[in-house]
Amino acid sequence: MTSCSSSARKASLSKIASNRLQKELMEWQVNPPVGFKHKVTDNLQRWVIEVNGAPGTLYAGETYQLQVDFPEHYPMEAPQVIFIPPAPLHPHIYSNGHICLDILYDSWSPAMTVSSICISILSMLSSSPEKQRPADNDRYVKNCRNGRSPKETRWWFHDDKA
Amino acid sequence: MHDANELTSAEEDDYYSGGDDDIDYGDAQEDYNYEYGYGNDDDDDDDDDNGDYDFMHNDSDADEVSASRAQKNYTVLKEEDIRKIQGEDIMRISNVLSISREAACILLRRYNWNVNDVHEQWFADEGRVRKSVGLFEKPVVQFLNAKEVTCGICFDNYSHELVHSAACGHAFCDSCWKAYVSTSINDGPGCLTLRCPSPSCGAAIGQDMIDMLASDEDKEKYRHYLLRSFVEDSRKTKWCPAPGCDYAIKYVVGSGNYDVTCSCSYSFCWNCTEEAHRPVDCETVAKWILKNSAESENMNWILANSKPCPKCKRPIEKNQGCMHMTCTPPCKFEFCWLCLGAWIDHGERTGGFYACNRYESAKQEGVYDDTEKRREMAKNSLERYTHYYERWASNQLSRQKALADLQQMQSVHLEKLSKVQSQPKSQMKFIIEAWQQIVECRRVLKWTYAYGYYLPEYEPTKQQFFEYLQGEAETGLERLHQCAEKELQNYLNAEGQSKDFNDFRTKLAGLTSVTRNYFENLVRALENGLSDVDSQGASSKATSSIAGSSKGKGGRGM
Ligand SMILES: [Zn+2]
Ligand SMILES: [Zn+2]
Ligand SMILES: [Zn+2]
Ligand SMILES: [Zn+2]
Ligand SMILES: [Zn+2]
Ligand SMILES: [Zn+2]
């Protein structure tokens, strides 16, 4: 197609996926989740969303960027969600931007939305008691060097709700 | 609750009706060996009139004997059997708990298809159980009186008739449901625990929904996962590990002997699913297999199927099952495949005319190699391991060869033999039985080498006794193998009926019987950890207890 960007190697959105994304986009414009800003582009398949750390938390006043890529069969398949580095310092966020959050992988349900993902991520950030990388950060990031998607990782989720 | 449990266990006992056969088994077997040992050639010719021997030579009875040999502590299940049992269990839970079959199925899967567990958990705390599997009693959301409902996935609006929901009431349109179900089924067996798509709802999606929403192909996959779950999640069942085999084995947990033989003829250990390995225990097998993989590089050369003839040095290939090799003409040197020593030297010194097991004595006498250097190497642990490994692997190869020979015998030779000797094929069963025995003995013998390797070196009396028993076993087996392989050739290639064919029958059947008896006693003795042997070398007492039955009853010592 016209673009040679990284999204070119992915299959384009199915009709069901683009219908659903149009609806999500409309809903977002009417009722955006608090603390998030969607930088609207003409690329429905990749959303870039600005995250503002919630006031009164360790991340207050900080701004990060989420990149959300939608697969052909969204919402049956989960979108790929990563922080564009620099990613926030958090025990479940790797320095390459990958996020260890169950709803992005095993616990994804097609009834979830970008908006509900954003709310989960913000609550994950807000509840963190300390700013630090996951213990296995270096090893994990090294293993992902060839541009591996976090969806290819076999995650096992910490139940500590940090 | 108690009634339900008792009902189940009673029925399960019923299912394994072989339970108390164990007691009779020993006696039946003694009779069997007794009769067989004294079998004479006449009874084969008119077995219909011969009451005493009838049960030995009648097909179905013989099968029963071999089944009782396996002590019936397991059942081989075909796919239909598995489905039937699964269906019965589901029905039972559905009836006792007064819930739908779909709900019963979900519960059983949750508790690994253990009917008792479902009963216990349910009657202890129905609410908790319902919550854990997502069996809702009433919807958590009600449709308002609005004309249309919004599908929770595509966000389009539909009239009430066009949406479905699980017991929770969360509504999704037909095509979203179908995509949801299809994605899940094609993701793997996780579809068996499918829940409502609504986040944190958790209502279970049962087989009724699957049947309504999935394509025929996906329904089939779902049923297949359900079947697999029944076999794989239950503590009582396992798939037969033989490649391409679809049978499962249902085992009476806690019933002792782990060796099971599938209907596909593969024998394996139910406990560790390695190939059957009596008399060696599972831990030893695991250790041995690990050891073999660690040493595999060193051992590669051993597995090579050719060795130079010890006399003329031409490479020769082992293509027969027994260890007695004869080099090709003009050399014709007869030697032992294992130690490459002259066959003529194989007698008392190696533990019997046909045996070659005496590693210790060979090492001491320097039979392997006469240089000092080699003698030093004999102390090396690799050398010791090599001795056992080589014999273990040789018996494995011999067993495979014997299996192939058995098949060849059944498919080709028996027919020919029956023509040449003008005797009905039904009279040739003794040959098949001999070969089956050889296959089984090679398996046992193979594992005795792992057993020997792990025998503690500080118990020399046990070691000596073990080697003596193993030597006897080897001698007996080599004799049987030789008879079934080489002597048979004479009758197979004869111009016409051989006068002494009936003598051959008596000999081979006798050898089969004696060898079977000996090996069964050997397995028991080794499984008992050679407990008959006390530290003061009372091996003669133990010897008589092992060899006793074959000598006393069969009248043919090994
Ligand atoms: Zn829908
Ligand atoms: Zn629901
Ligand atoms: Zn099988
Ligand atoms: Zn085992
Ligand atoms: Zn030669
Ligand atoms: Zn030898």
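Residue numbering restarts at 1 for every chain, and letters A, B, ... go by the order of the sequence lines. Everything quoted here is computed from the prediction, not taken from an experiment.
- Heavy atoms of Pro75(A) lying under 4.5 Å from chain B belong exclusively to its side chain.
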Under 3.5 Å, what donor-acceptor pairs does chain B form with chain A?
residue	atom	partner	partner atom	Å
Ile153(B)	O	Arg20(A)	NH1	2.6
Asp156(B)	OD1	Lys23(A)	NZ	2.2
Pro197(B)	O	Ser109(A)	OG	2.2

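- Around atom CG of Leu58(A), more than 12 heavy atoms belonging to other residues, nucleotides or ligands sit under 6.0 Å away.
- For Glu88(B), the CD atom sits in a packed shell: over 12 heavy atoms of surrounding residues, nucleotides or ligands are nearer than 6.0 Å.
- Taking all atoms of both residues into account, the shortest heavy-atom contact from Met76(A) to Cys176(B) is CE-O, 3.4 Å.
- Most heavy-atom pairs under 4.5 Å with chain A, from the set Cys201(B), Cys151(B), Ala179(B): that is Ala179(B).
- Closest of all the heavy-atom pairs between Pro110(A) and Ile153(B) is CG-CD1, 3.6 Å.
- Within 6.0 Å of CG on Asp125(B) lie more than 12 heavy atoms contributed by other residues, nucleotides or ligands.
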